[in-house]
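Written out below as structure tokens is the structure these notes cover.
Order of appearance sets the numbers: ligands from 1, and atoms from 1 within every ligand. Just so you know, these numbers come straight off a predicted model, no measurement behind them.
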Amino acid sequence: MNVKIGLCIPNPGWEIVLSQEGLCFETIEKDSEFNFEEFVLVIPNREMVESNRDIFIHYITHSGLVIADKETFPILLDIEIHKRNISYIIPKAGSLFSQFGLIDFYSEFVVPKTNSLQIIDEDLHIYEYSNNSGNVVILPFSINDLILNKNSVRKRFYAERKELPSEVVSRVSKGKIREINFRIILQMFSKLKAPLVHKWYYPKGSENVFIFRIDTDFCSAEDAKNLYALCEKYNINATWFVDTQDENMLSEVYTSFSQHEIALHCENHKVYKSYKENYDNILCAQKKLKKYGMDAKGFAAPFGEWNESLGKAGEDLDFEYSSEFALDYDDLPFYPYFNDQFSTVMQIPIHPVSVGRLRRAHFSDDEMMSYYKAVIDYNFSRNIPVLLYHHPHHNQLNVWEEIFAYIQSKQVWNPTMHKFSQWWKKRSESTFSYNYSNGRLKITCAAELECRLRDFQKGDAKIKSDVSYKLDEISFTRREALRFKENKAMRRYHWRDSLNNYEQKKAKKKQ
Ligand SMILES: [Zn+2]
């Protein structure tokens, strides 16, 4: 049997998640010829369930697997529901999802009103419906609503101390929601005893990635040169998102940083509401960079802000990637979806807490080092890219010296952001397929890709293309996913949030 997932489209949120995970899936359009029996798992959309409910029911009673979210399960299973507004959830210890800690939804949940379903997670309201060997996992939220959500809010980030750093970031925990979905798919496959193979997130031989991003924010030549020298000392490839107001900095300083990538931050340190103002601001900076022979492929907006008009300006100015934590943070790259289409500009999420934010929360140097080491360990343990950022005028090179040495000890891939985006694009465009029959697994994939078999309990195993494996003879590597001890107090109102918001508003006005 050819193992693949069927995704009914349009379903952009799910398309983003499945692509991020590099799963083997095919899209199914409503009016096309389709046969659900070809798929191990089908993810419906509303339209498809409304028009083809009988086909779904037949599929489920014949060993089919379905993940139905709040848009589809009430129609598919014809059950009573009630609605609840959910801000965030911390699943209990021992749950399938307890390792994710605090998960932000800020969304309306639709919960089935019946006790004939099995509970997968009580706190998250995730249930399971079984019929013969078929299985439906019921999600009370909408993956499209959550993954395409564009709201941002000030959030506090976990550290082992009382006063926590905060930043204005994506309101929804998109990365964790992606991980929840992957875990559900993994568990469904394992029940069916079907192997789950996916494209590994990084190139062959790399377990993870470390990327160092610098937003110059009108720093002095001395500060920029000192940071550059430190990166050179530790062989760190950095990506500099430069401001362009001071042309001397462009001609004398940034052009000499030839070992690193030069990308674009801004002319005016602002994100505007209107398309035209965003476009003109970026175009002005782009022209200046070109004047000095720098062709920026990437863009990172001031304050990590993002809106659709900015996204559109980035597309029209031909950027290959951009990076804004108001859209997403600590997650795998993806192509944002707005104006009814996928953007041509790849979004590369970073960890949003800078030294400036730690300093504002009164972290000592040692605490800053521990904070970043904890983020590195956490992300590595969950296969999330480690992207940290810094402003040269905050100096604090002792902290970065420690972090760079820590990274060196891990022997991790350290490309510039552009190199990483090129890899991710290639990964996104490459396809693979696999077959499982009589206990044997065989995959076919492009030479540059690495595919891995994932197991719920055992971990992951590298699978070579065109080799026939006996499934029960494959040996796995297990990695323990770390979790932060996040608690409810982190989302309770704190007067410091208002103070921080006021300070940011003031900083924006000044520019
Ligand atoms: Zn900035």
Side-chain angles (χ1 to χ4, degrees), residues 152 154 157 165-170 211-228 231 238-247 249-250 253-254 257 260-273 277-286 288-289 294 296-307 309-311 313-314 317 319 321-329 345 347-360 387-397 399-400 416-417 500-511:
S152 56
R154 181 170 298 280
F157 283 77
S166 72
E167 183 53 276
V168 177
V169 298
S170 158
I211 290 172
F212 188 49
R213 165 179 147 181
I214 298 158
D215 290 8
T216 58
D217 283 22
F218 315 101
C219 68
S220 69
E222 194 192 350
D223 288 344
K225 284 177 181 168
N226 288 341
L227 184 57
Y228 181 83
C231 291
T239 301
W240 296 71
F241 291 88
V242 302
D243 61 90
T244 53
Q245 282 187 6
D246 183 349
E247 290 195 37
M249 285 295 286
L250 300 182
V253 182
Y254 299 132
F257 291 178
H260 296 181
E261 179 191 352
I262 301 298
L264 194 155
H265 194 34
C266 61
E267 169 71 16
N268 296 319
H269 198 264
K270 256 186 190 167
V271 170
Y272 300 90
K273 283 204 176 90
E277 285 171 294
N278 281 322
Y279 183 91
D280 290 346
N281 189 26
I282 305 169
L283 179 65
C284 170
Q286 199 181 42
K288 285 189 185 175
L289 286 179
M294 292 175 278
K297 304 286 186 204
F299 169 72
F303 306 104
E305 269 183 62
W306 191 91
N307 59 41
S309 74
L310 180 85
L317 289 163
F319 284 96
Y321 73 88
S322 84
S323 180
E324 287 83 23
F325 43 73
L327 190 60
D328 195 10
Y329 59 90
V345 184
Q347 173 63 217
I348 305 183
I350 67 164
H351 180 73
V353 177
S354 69
V355 160
R357 299 312 310 155
L358 296 176
R359 202 183 274 173
R360 192 68 196 85
L387 281 89
L388 301 179
Y389 91 119
H390 188 51
H391 302 99
H393 70 266
H394 284 141
N395 293 307
Q396 215 80 48
L397 296 189
V399 172
W400 291 105
T416 59
M417 252 177 160
N500 287 325
N501 284 335
Y502 169 74
E503 285 170 350
Q504 196 191 44
K505 215 169 149 189
K506 229 171 63 180
K508 281 183 186 173
K509 265 202 185 138
K510 228 169 65 188
Q511 279 155 6

Item to check | Residues that R357 engages under salt bridge (Lys or Arg N to Asp or Glu O under 4.0 Å), provided they are two or more places apart | outcome: none
Item to check | Atoms of the protein (N/O/S only) found under 2.8 Å from the Zn ion (ligand 1) | outcome: D217 OD1, D217 OD2, H265 NE2, H269 NE2
Checklist entry - Between the main-chain N or O of A326 and the side-chain N or O of E305, is there a donor-acceptor pair closer than 3.5 Å? => result no
Checklist outcome for this item: For E222, the salt bridge (Lys or Arg N to Asp or Glu O under 4.0 Å) test, sequence neighbours excluded, returns none
Item to check | Aromatic plane relationship, H390 with H394 - under 30° parallel, 30 to 60° tilted, over 60° perpendicular | outcome: tilted
Checklist entry - How would you list, by chain and number, every residue that makes a side chain to side chain donor-acceptor pair (under 3.5 Å) with Q245, sequence neighbours excluded? => result N268
Item to check | Validation row: F212, W400 side chains within 4.5 angstrom (heavy atoms) | outcome: yes
